[in-house]
2 protein chains.
Amino acid sequence: MDIEKSIAALNNPLRRRILEWLKDRSNFPPALPEHTDLEGVCVAYIQEKAQVSQSTISAYMSKLKDAGFVVAERHGQWTFYRRDEAKIQAFLAVVQNELLKP
Amino acid sequence: MDIEKSIAALNNPLRRRILEWLKDRSNFPPALPEHTDLEGVCVAYIQEKAQVSQSTISAYMSKLKDAGFVVAERHGQWTFYRRDEAKIQAFLAVVQNELLKP
DNA sequence: CCTTTAAATCGCGATATTTCGATATATGGA
DNA sequence: TCCATATATCGAAATATCGCGATTTAAAGG
């Protein structure tokens, strides 16, 4: 849990919105038939929704992954990203502990 | 509550540590006799502990203030900074709400 | 193989942040 | 009024981040 990386990853409105979108698969187009069993959302879908370049989305997802907020899983040509709820909670716990008195 | 400013303010280890230090007045030298009734810590004390230049500390405290995490109160030549616990809690609530599923 | 598609990486200019020293402002006291 | 002290603001150099297009890598299919 690198709090430095985590806060840096959150220090961007679009990255935070992506994390919110990933709460619910239905924020994205339905999965392809061959992917319906997989968790997570492929990069192309996230890009379409985020309306930024492919390289930007890739870098964003990479940053969210390095921060521990999402998990990447490759299946063939596709990379599926999904939230890591445990890590997100762990991060919040640390921040709370650091910020709140005492 | 500008979450953008708040996260940016936290995106710096020293600023976060200053927030922690301010949890407890005893992290700093005792107040001058004429200030014992005042809450908060003057900039010079924070600077001494943080070991950065006076201009850096001033800018840091300003950023923490703009983020709403601290309150500044001027008394004569001195500015006393103290945590704004309510604002800090409000920020945490917003972040939790944004990050946590659902 | 060759092509197509998905995603990651590279290189870059633009912009923002960091941190400083120097300077300005405000206050209190001799 | 003049000087010392406390803090804020300015200007600049170093570094980091942003977001793009171009290129590379990886996999699938013909």
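Side-chain atoms are counted along with the backbone in the values below, which use heavy atoms only and exclude waters and symmetry mates. Numbers restart at 1 for each chain; the letters A, B, ... are given by sequence-line order, proteins then strands.
Nucleotide D:dA27 holds its C1' atom 16 Å from the CD atom of A:Glu73, rounded to whole Å. One atom, CD1 of B:Ile18, and another, C1' of C:dT18, lie 13 Å apart when rounded to the nearest Å. Separating the NZ atom of B:Lys5 from the P atom of C:dT17 is a distance of 12 Å, rounded to the nearest angstrom. Distance B:His75 NE2 to C:dT27 C1': 14 Å, rounded to the nearest Å. Between the CG atom of A:Leu64 and the P atom of D:dT17 there is a distance of 14 Å, given to the nearest Å. Between the CG atom of A:Leu14 and the C1' atom of D:dC20 there is a distance of 14 Å, given to the nearest Å. One atom, CD of A:Glu4, and another, P of C:dT17, lie 16 Å apart when rounded to the nearest Å. In this entry the distance linking CZ of B:Arg16 with P of C:dT18 reads 11 Å, nearest Å.
Considering only side-chain N and O atoms, A:Asn12 lies nowhere under 4.0 angstrom from the phosphate OP1 or OP2 of D:dT17. Residue B:Asn11 has no polar side-chain atom (N or O) positioned under 4.0 Å from OP1 or OP2 of C:dT17.
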Pair A:Arg25-A:Glu39, salt bridge (Lys or Arg N to Asp or Glu O under 4.0 Å): steps then yes or no:
CA-CA 9 Å; A:Arg25 249 246 54 149; A:Glu39 283 186 272; over 6 Å; no

Please test B:Leu10 against B:Leu19 for side chain to side chain contact (heavy atoms under 4.5 Å, CB included), starting from the C-alpha separation and ending with a verdict.
CA-CA 9 Å; B:Leu10 292 181; B:Leu19 271 185; 3.8 Å; yes

Apply salt bridge (Lys or Arg N to Asp or Glu O under 4.0 Å) to residues A:Arg17 and B:Glu98 and explain how you reach the verdict.
CA-CA 9 Å; A:Arg17 268 203 293 157; B:Glu98 209 179 287; over 6 Å; no

Between the protein and nucleotides 7-12 of chain D, are there any N/O to N/O pairs under 3.5 Å, and if so, what are the atom names and distances?
| from | atom 1 | to | atom 2 | distance (Å) |
| --- | --- | --- | --- | --- |
| D:dT7 | OP1 | B:Val43 | N | 3.2 |
| D:dT7 | OP1 | B:Thr79 | N | 3.3 |
| D:dT7 | OP2 | B:Ala44 | N | 2.9 |
| D:dT7 | O3' | B:Thr79 | OG1 | 3.1 |
| D:dA8 | OP1 | B:Tyr81 | OH | 3.1 |
| D:dA8 | OP2 | B:Ser58 | OG | 3.0 |
| D:dA8 | N7 | B:Gln54 | OE1 | 3.4 |
| D:dA8 | N7 | B:Gln54 | NE2 | 2.8 |
| D:dA8 | N6 | B:Gln54 | OE1 | 2.8 |

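Using a 4.5 Å cut-off on side-chain heavy atoms (C-beta onward), B:His75 and B:Phe80 make contact.
The environment of NZ in A:Lys87 is sparse: at most 12 heavy-atom neighbours from other residues, nucleotides or ligands sit within 6.0 Å.
Side-chain atoms of B:Ser58 and B:Ser55 form no donor-acceptor pair, as typed in the model, at a separation below 3.5 Å.
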